[in-house]
Each structure stands twice: as structure tokens, then as C-alpha cells.
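Taking it in order: structure first as C-alpha cells, then the write-up.
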Amino acid sequence: MVCFRLFPVPGSGLVLVCLVLGAVRSYALELNLTDSENATCLYAKWQMNFTVRYETTNKTYKTVTISDHGTVTYNGSICGDDQNGPKIAVQFGPGFSWIANFTKAASTYSIDSVSFSYNTGDNTTFPDAEDKGGAKAALYGCLLHDGEAQKAAYIKDLGYFPFLLLLQKKPNHLGILTVDELLAIRIPLNDLFRCNSLSTLEKNDVVQHYWDVLVQAFVQNGTVSTNEFLCDKDKTSTVAPTIHTTVPSPTTTPTPKEKPEAGTYSVNNGNDTCLLATMGLQLNITQDKVASVININPNTTHSTGSCRSHTALLRLNSSTIKYLDFVFAVKNENRFYLKEVNISMYLVNGSVFSIANNNLSYWDAPLGSSYMCNKEQTVSVSGAFQINTFDLRVQPFNVTQGKYSTAQDCSADDDNFLVPIAVGAALAGVLILVLLAYFIGLKHHHAGYEQF
């Protein structure tokens with residue numbers, strides 16, 4: 001049996017689902033694999049996305065980011081036996097699959113390798129890819145993920161004996177491409193491996209990103225261990241991060257910081273940009289009565305996310321920020337706004353600061369436009385966490401040709417017009433008074449002549 005939890009957006013709650021060969025939508029995955037006695041044998045929780053560079057029919061190259069897993073299945077995940085080690089097998093979206101293999105030694109176990117397979121014959125993700133798989137690639141996908149009995153049924157019904165040989169020998173010619181990575185990460189037996197930091201694997205035009213990873217294979221006595229074995233990046237993260245920050249005494253306020261540099265971030269859906277954001281970000285954090293002000297450096301900050309019809313996610317991360325999520329939503333079918341902010345990051349003392357609020361209402365603008373605010377604005381996430389934004393412009397929906405649409409200015413910018421409007425109104429009032437005085441005087445002057 002496969003049990004897993006689904007976290008569509010961190011902080012938005014969780015749904016527990018247990019099923020046999022089931023399917024859900026997910027960003028973060030939590031897998032609990034059990035053996036024949038219903039005891040946990042493998043536990044894993046992780047987040048991942050993929051960036052693929054591919055050749056088009058006109059001999060140019062495009063890049064697509066695969067972050068929304070869509071419908072997910074776990075066919076082929078096993079606890080392992082004397083002949084085969086444990087394995088996590090994930091299938092998602094139109095023809096994507098991911099596998100992690102584990103091996104065991106005397107006192108350790110290893111995350112031995114991972115592999116990622118994608119289908120350039122998928123017209124949705126790769127609409128103009130040079131290497132198209134067509135129906136053969138689709139059939140290969142079925143054969144790849146189905147069991148032996150189902151494979152035999154396909155072959156018997158369709159008569160694809162020569163084609164099966166072709167699939168076994170040269171699957172890449174059909175649009176199915178696989179990238180294998182040897183990891184050999186050794187972990188003490190009965191320890192839970194943790195790696196919150198962003199890990200990147202790059203090979204053969206594919207970049208794989210992993211973060212917030214928890215995994216334990218060869219679980220003893222059906223109980224996941226409380227002893228954690230940290231990856232090297234997380235070990236270094238416990239040291240004070242090298243970020244420009246001010247940590248005053250508990251009785252003082254933070255020293256004002258310089259204006260943060262504005263960064264430009266984007267999210268792609270297939271080949272198209274679906275979310276654009278430009279902003280300087282300054283974080284105001286209070287923990288244990290100690291206040292910190294942190295400017296985000298856009299040059300060392302990475303962005304991922306996803307776009308749907310009524311929600312959009314922009315996720316930022318760096319060596320110190322595990323994730324900073326901006327979640328946008330549509331209201332009344334004609335406007336968008338910032339609905340949710342979630343953060344988890346390392347502070348200067350090595351502790352982890354985490355806050356989530358899914359009941360916000362900022363950056364409101366009509367659909368089909370962008371929201372812009374050049375002045376400093378404050379997004380109050382909680383009493384302990386606020387975000388100051390500078391030179392803000394954001395469009396989470398209806399991006400056309402990768403460019404911002406007409407902007408709606410924020411009320412802060414509208415204040416710039418109050419002074420000239422007030423001055424103009426005052427001058428107009430003075431002019432009216434002068435004209436009234438003139439006409440009244442002129443009338444009295446004519447009345448004097450009439451008396452003579």
C-alpha cells in the first residue's frame with residue numbers, strides 16, 4: 001500500500017490519502033511505503049522540479065520548466081527484497097517519470113541513483129520539439145509504466161512484436177529521453193536523511209532541483225527514525241548565514257537599512273511565461289524579541305512556481321531561504337490579489353523561522369493588467385513578520401508574450417497626485433474669488449452712475 005500526504009501550498013493545510021496505485025495532484029510529496037505486514041519499510045517526503053532544454057523543428061532551442069506534477073501515480077515503488085533494493089517510482093503529467101534507487105551495506109544505506117524520463121512527443125509540454133514520438137512514444141509510456149500482464153495484452157492485441165524490440169533497444173528514438181544520475185549518498189542505517197537546502201543536478205540538457213527532502217529506506221521495525229542525518233549543505237547552514245542583516249538588542253529597534261535591489265522573477269507554463277514579478281524585498285522578522293531586517297539579494301535568489309486558472313504561485317529560495325511563497329488568487333472572476341505568503345528560512349543564529357498566512361488581501365488589480373507600486377509598501381504577514389516592497393510590479397495571470405500588461409498604480413503612488421491637485425484646486429478657488437470680486441465691484445460701479 002502507498003500512503004502519502006499532499007501539500008498543494010505550504011501552510012494551507014494537509015489532506016491525508018491512502019490508496020493502492022492511486023492518483024492526486026501535488027507539489028510536495030510524502031510517501032509511506034508498507035510491506036506485506038502493513039509495516040512501514042520506506043518513508044520519503046520531498047519537493048522537486050525540472051528544467052529541460054530541447055531542440056525545436058526550426059533548429060533553435062527552448063527551455064521549459066516542469067513544476068506542476070499534475071496527476072501523480074506511484075506504480076513500481078517497492079520495499080525491496082534479497083534480489084532488488086527499495087525503489088521509489090513516480091509517474092506524473094503527460095509521460096514524465098522519476099525513479100530513486102536504494103542499496104544497503106553492512107551499517108549504511110545509500111541513495112544510489114535517480115533517473116528522470118520525459119517525452120518530447122508530448123505536444124503540450126514540447127509543442128514544437130524536433131524529436132516527436134507520436135503514438136509509438138505514447139505506447140512506450142504505457143509499456144514503461146504498466147505491469148508485465150498489461151504489456152503482454154498490448155502486444156497480443158496490437159501485434160507490436162517488432163515494435164517491442166525497438167522499444168527495448170532504442171526508446172530515445174521515440175521521444176522518450178532518460179537522464180540518470182549516480183548519487184551514492186551514504187546514510188547510517190536507521191537514520192532519517194534530511195536535506196532542506198536546494199540541491200541541483202545538471203546533465204544532458206536537464207536541470208533537476210530538489211529541496212525539503214526527508215527519506216529513510218530500510219526502516220527498522222516499521223518505525224521511522226527520529227535520528228536525522230543531515231546533508232552537507234544543511235550542516236553548513238547551521239552556521240551564521242552570510243547575509244547583510246542587523247540584529248539589535250531586544251529593547252531596540254532595527255537599524256534602518258538601505259533600499260534593496262529589485263529583482264525580476266518569472267514562472268513558465270510549458271513554453272510560455274505565465275507569471276511576472278519585479279520587486280525589491282526587505283524582510284522584517286521578530287523572533288524571541290530580537291528584530292532582524294534582511295534585504296533579499298536577487299542575484300542569489302532562485303524562482304519557481306506554478307500557474308492555474310484561479311491560483312498562481314511564485315516561490316523564491318536561496319542558501320538561507322528554504323522557501324518564500326507568494327500565492328495569488330482570482331476573486332469575482334475579474335480581479336486578482338495576493339492571498340497568501342509562506343516563509344521558512346534560517347536566521348543569523350542558525351534557528352529556523354517559519355510563518356504562514358493564507359488570509360491576506362494585497363496587490364489588488366483587474367485581471368489582464370499588472371499591479372505596480374514604486375513607493376515602499378508593507379505586506380503584514382503576522383506580528384512577527386512583515387515584507388517591505390520597493391519598485392513593485394507583478395502580474396500573476398494573463399501574461400501575453402512574456403511582457404507586462406497595462407499597470408494599475410497602487411494608492412501610494414496615487415498620493416503623488418494629491419499635492420498638484422490640491423495646489424490646482426487652491427489656485428482655481430483664488431481665481432473664482434477674484435472674478436466674483438471683480439463682477440461685484442463692476443455692478444456697484446454701474447449703480448453709482450445711475451444715481452446721477
Side-chain angles (χ1 to χ4, degrees), residues 1-8 10 12-48 69 71-92 96-117 144-151 180-196 199 210-231 234:
M1 177 178 289
V2 178
C3 297
F4 59 93
R5 289 182 175 89
L6 169 63
F7 298 82
S12 65
L14 67 87
V15 179
L16 176 63
V17 184
C18 291
L19 64 153
V20 178
L21 302 182
V24 299
R25 291 188 175 274
S26 68
Y27 296 119
L29 303 174
E30 185 173 357
L31 170 67
N32 189 53
L33 201 60
T34 58
D35 58 20
S36 57
E37 298 178 354
N38 205 31
T40 298
C41 61
L42 188 153
Y43 173 81
K45 178 182 177 182
W46 75 104
Q47 297 198 59
M48 61 183 180
H69 302 146
T71 300
V72 179
T73 57
Y74 296 85
N75 301 341
S77 298
I78 59 173
C79 293
D81 51 33
D82 295 337
Q83 287 76 35
N84 302 292
K87 177 172 67 174
I88 300 174
V90 183
Q91 304 85 37
F92 57 96
F96 301 111
S97 63
W98 180 84
I99 293 175
N101 294 293
F102 302 85
T103 57
K104 181 180 178 181
S107 59
T108 62
Y109 70 94
S110 297
I111 306 174
D112 194 52
S113 63
V114 295
S115 66
F116 171 62
S117 297
L144 180 68
H145 298 315
D146 287 330
E148 294 300 324
Q150 188 62 50
K151 290 179 185 179
D180 298 304
E181 289 279 1
L182 296 177
L183 300 180
I185 301 174
R186 299 179 64 184
I187 306 154
L189 273 177
N190 206 32
D191 272 14
L192 178 68
F193 176 74
R194 174 187 290 276
C195 195
N196 292 327
S199 300
Y210 302 95
W211 67 97
D212 289 349
V213 176
L214 281 173
V215 64
Q216 182 181 356
F218 304 99
V219 174
Q220 304 295 306
N221 301 319
T223 304
V224 177
S225 176
T226 57
N227 298 323
E228 293 188 351
F229 182 82
L230 300 182
C231 65
D234 278 16

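Here the side chains of T40 and T223 are not in contact, with every heavy-atom distance at 4.5 Å or above. Between F102 and D112, every side-chain heavy-atom pair lies at or beyond the 4.5 Å cut-off. For the pair I88 and W98, the minimum side-chain heavy-atom distance is below 4.5 Å. Side-chain contact between W46 and V90 is present, with heavy atoms from C-beta onward closer than 4.5 Å. Side-chain contact between F193 and D191 is absent, with no heavy atoms from C-beta onward closer than 4.5 Å. S117 places a side-chain heavy atom less than 4.5 Å from the side chain of S97. Side chains of L189 and K104 form a contact here, defined as non-hydrogen atoms less than 4.5 Å apart. Residues W211 and N196 have side chains not in contact (no heavy-atom distance under 4.5 Å, counting atoms from C-beta outward).
For the pair T108 (side chain) and A105 (backbone), a donor-acceptor distance under 3.5 Å is absent.
Shortest non-hydrogen contact noted between V114 and A100 is CG1-CB, 4.0 Å. C79 approaches L33 most closely through the heavy-atom pair N-CD2, 3.7 Å. Closest of all the heavy-atom pairs between A89 and S77 is N-OG, 3.0 Å. Closest heavy-atom contact between R186 and F229: O-CE2, 3.6 Å.
The CG atom of D81 sits 11.0 Å away from atom SG of C41, with the distance rounded to the nearest 0.5 Å.
Under the side chain to side chain contact (heavy atoms under 4.5 Å, CB included) criterion, N101 pairs with K87, I99, S113, sequence neighbours left out. The ring-ring contact (aromatic ring centres under 6.0 Å, His included) search around Y109 returns none, not counting sequence neighbours.
In summary, the side chains of Q91 and T73 do present a donor paired with an acceptor at a separation below 3.5 Å, with no hydrogens or angles considered.
When the options I187, V224, N227 are evaluated for a side chain to side chain contact (heavy atoms under 4.5 Å, CB included) with L192, the one that passes is V224.
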Enumerate donor-acceptor pairs with a distance under 3.5 Å from any side-chain N or O in residues 213-221 to protein atoms, sequence neighbours excluded.
unit_1, atom_1, unit_2, atom_2, d
Q216, OE1, S225, N, 2.9
Q216, NE2, N190, OD1, 3.4
Q220, NE2, F218, O, 2.9

